[in-house]
Visitor: 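Have a look at this one before I ask anything.
The figures here come from the full heavy-atom set of this structure, side chains too, leaving out hydrogens, waters and symmetry mates. Quick note on labels: first sequence line is chain A, next is B, and so on, each numbered from 1.
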Amino acid sequence: MLHAVRGRIEQFILLVTFFMICTGMFPIMAEAVQPGPTEGIQALNACLLDAMKRADELGYAGRYKLLEPVLKDTFDFSFMGAKSIGRFWETLNDEQQALFMKTYTDWSIATYAGRFDGYSGERFELVSESAPVQGIVTVISKLIQLKEEPITFYYLMRMVEDRWRVVDIQISGVSQLALTRAQFTEVMKSKGLDGLITMLKNKTAGFAQPKK
Amino acid sequence: MLLAACSSSKHVQTDLQEPPKVENPSGETAPSTALQSPGETIPGFTEAQEESVADPLESFNRAMFIFNDKLYFWAMKPAIRGYNQVVPEAARKSVRNFFLNLEMPVRFVSSLLQAQIVAMGIELARFTINSTAGVAGFLDVAKSSFYLEPQEKDIGQTLGKYGIGEGLYFVWPFVGPSTARDTGGLFVELFLTPWRLVNPAGAAAGIGMYDYFNRASLDAIEYEELINSAVEPYAALKNAYIQYRRNVVKNK
C-alpha cells in the first residue's frame with residue numbers, strides 16, 4: 001500500500017517537473033542547456049589553444065577541421081558577412097548572396113586556421129562580461145604571451161537562434177568588422193562581386209600554403 | 001594593429017558618435033553598440049566610421065603606400081633579419097626604452113595640454129626613475145618595478161581633444177599613414193624630442209633612422225600580419241589607422 005502511494009507521488013512529481021520544463025516554468029534547468037557569452041568565448045579560446053598546441057600535428061587542414069564547427073557556433077557569420085559588404089548586400093540576388101556567404105565563411109575560418117599555427121607558451125584569460133546594452137554583451141578576453149605584451153580582445157556578442165554569438169571583435173579600438181567592411185566595399189566599388197570572390201578565394205588558398 | 005587642415009574635416013567630426021561604454025567589474029572600459037539601424041544593431045562602429053576621412057590625394061597616397069610597402073618587404077625586412085641575428089631582443093628593447101624615455105617631453109606636454117595631472121605625474125616619475133635607476137633609460141624600471149606605464153599621449157591626439165578635425169588623409173614616405181592633424185602633431189613633436197634637435201641635422205636624421213629601424217625590428221610583425229591577411233591592404237591600413245587614432249582621441 002505504502003509502495004503504491006510512494007509510486008504515485010513519484011509519478012506526480014515527475015509529471016509536474018516535466019510540465020514545468022516544457023512550459024518554461026523551470027528556468028534554471030532550461031537555461032542551463034544554453035551556454036552564456038563567457039562560456040562561448042571560453043570554448044573558442046580552448047579550441048584555439050588546442051589548434052595552436054597541435055599546430056604541426058594537425059597541419060592547416062586539420063586546424064581548419066577542428067576550428068570550423070566551433071567558429072560556426074561562436075560567430076554570427078550571416079550577420080557579419082552581410083554587414084561586411086555594406087549597401088552592396090541588398091543589390092545581390094539570392095544566389096549571389098549564398099555564394100558570397102559561403103566564400104566569406106570559408107575565408108574567415110581559413111584566417112584562423114592560417115594564423116593560429118604555432119604555440120609559444122601562450123594562454124587565454126577571461127577578464128569580464130558586461131551587462132547587456134541594447135542586446136549586446138561584451139566579453140573581454142586576453143591573450144597572454146610570454147615575450148610580447150598581452151592582446152586584449154573585446155568580443156561583442158548578441159543572442160542569435162538561442163545562442164550567444166560574436167558579431168564583432170575589437171582590438172586596440174579597431175573594429176574588425178569595420179576593418180573588413182572598409183576593404184570589401186572598396187573592392188566591390190572597383191571590381192564588383194566577382195572580383196571580391198576571387199580575392200577572397202585567393203586569400204583562403206594562400207592560408208593553406210606553408211609559410212615561407 | 002597600426003597607424004591628418006582642418007577645414008575639410010568638419011564632416012568627419014559630425015559623423016563621430018561616442019559609443020556608449022560599459023564599465024566592467026575589472027574596471028576596464030568596453031566598447032559597446034554604436035549604431036542602431038531599423039531592425040538591426042551594428043555593434044562597435046558607426047556607418048560613418050568606414051569611409052569618413054577625406055582622401056582626395058588617393059593616387060599619391062596609394063603610390064606612397066606601395067613605396068613604403070616595398071621598402072619594408074624588399075629592404076627593411078632582410079636588414080631586420082640580419083640585425084636580429086646580431087643584436088639580441090633584450091638589447092633591442094633596451095634601445096627602444098632609451099628613445100622612449102627621451103620622448104618623455106612629448107607625453108608630458110600633451111598631458112599638460114590635456115590637463116591630465118595624473119598622467120603628468122606618472123611621466124615625470126617614469127623619467128626620473130628610468131633616467132637614474134634605469135641606466136639612462138635603457139631599462140624601464142618604472143614599469144617593471146613600479147607598474148608605471150608610459151602614457152599614450154601625443155600632440156595629434158591633443159589637437160583632436162581640442163576639437164580639431166582630422167583633415168585629409170596622407171601616406172607619407174617612411175612615416176606611413178597619417179592625417180593633416182597628426183602630421184601637424186608630428187611636426188610639433190620634432191621640437192619636443194631633444195635628440196631630433198642634435199646638430200648637424202644629418203646626425204639627428206641618422207639617430208632617427210636608427211630608432212625607426214630598431215622599433216621596426218620589434219613591432220613590424222603587426223604590420224606584416226595586417227598586410228598579409230588583408231584583402232585590400234591600402235584600405236585596411238587606412239581604416240585601421242583612422243579607427244585607432246579616433247580611439248586614442250576618444251579615450252582619456
Visitor: Taking all atoms of both residues into account, what is the closest heavy-atom pair of Ala235(B) and Ala182(A), and its distance?
Guide: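 Closest pair (atom of Ala235(B), atom of Ala182(A), distance): CB-O, 3.9 Å.
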Visitor: With rounding to the nearest 0.5 angstrom, report the CG to CG distance, Leu237(B) to Leu179(A).
Guide: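 Between atom CG of Leu237(B) and atom CG of Leu179(A) there are 9.5 Å.
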Visitor: Would you compute the distance between atom CG of Asn247(B) and atom OG of Ser175(A) and round it to the nearest 0.5 angstrom?
Guide: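 Reported to 0.5 Å precision, the distance equals 11.0 Å.
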Visitor: Out of curiosity, Asn228(B) CG to Thr111(A) OG1, how far, rounded to the nearest 0.5 Å?
Guide: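 Here the interatomic distance stands at 11.5 Å.
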Visitor: Does a sphere of radius 6.0 Å around CG in Asp56(A) hold more than 12 heavy atoms from other residues, nucleotides or ligands, not counting ones at 6.0 Å or beyond?
Guide: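 Not buried by this count: 12 neighbours or fewer within 6.0 Å.
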Visitor: What residues of residues 58-71 of chain B make heavy-atom contacts with chain A at a cutoff under 4.5 angstrom?
Guide: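 Glu58(B), Arg62(B), listed by number.
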Visitor: What closest approach, in Å, do Lys147(A) and Lys93(B) show between heavy atoms, and which atom pair accounts for it?
Guide: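 Reported closest heavy-atom pair: O-NZ, 3.1 Å.
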Visitor: Would you compute the distance between atom OG of Ser172(A) and atom CD of Glu152(B) and round it to the nearest 0.5 angstrom?
Guide: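 Spacing of OG (Ser172(A)) from CD (Glu152(B)) equals 8.0 Å.
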Visitor: Please report the closest heavy-atom contact between Gln183(A) and Ala236(B), naming both atoms and the distance.
Guide: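 Looking at all heavy atoms of both residues, the closest pair is CD-CB, 3.5 Å.
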Visitor: Can you list the steps and then say if Arg181(A) with Glu232(B) is a salt bridge (charged side-chain N to carboxylate O under 4.0 Å, His left out)?
Guide: CA-CA 10 Å; Arg181(A) 187 169 158 119; Glu232(B) 218 287 22; over 6 Å; no
Visitor: What distance do Glu186(A) atom CD and Tyr234(B) atom OH have between them, rounded to the nearest 0.5 Å?
Guide: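 Taking CD in Glu186(A) and OH in Tyr234(B), the distance rounds to 8.5 Å.
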Visitor: Do Val187(A) and Val231(B) come within less than 4.5 Å of each other through their side chains, counting heavy atoms only?
Guide: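 Yes - at least one pair of side-chain heavy atoms lies under 4.5 Å apart.
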Visitor: For the OH atom of Tyr112(A) and the OG atom of Ser229(B), what is their distance to the nearest 0.5 Å?
Guide: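 OG of Ser229(B) is found 11.5 Å from OH of Tyr112(A).
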Visitor: Is the backbone of Gly173(A) close enough, under 3.5 Å, to the side chain of Lys250(B) for a donor and an acceptor to pair up by distance?
Guide: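 The answer is no, because no donor-acceptor pair under 3.5 Å joins these two groups.
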Visitor: Kindly write out the residues that satisfy side-chain hydrogen bond (donor to acceptor under 3.5 Å, both in side chains) with Asp140(B), not counting sequence neighbours, or none if the list is empty.
Guide: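 Listed in chain order: Arg126(B), Asn130(B).
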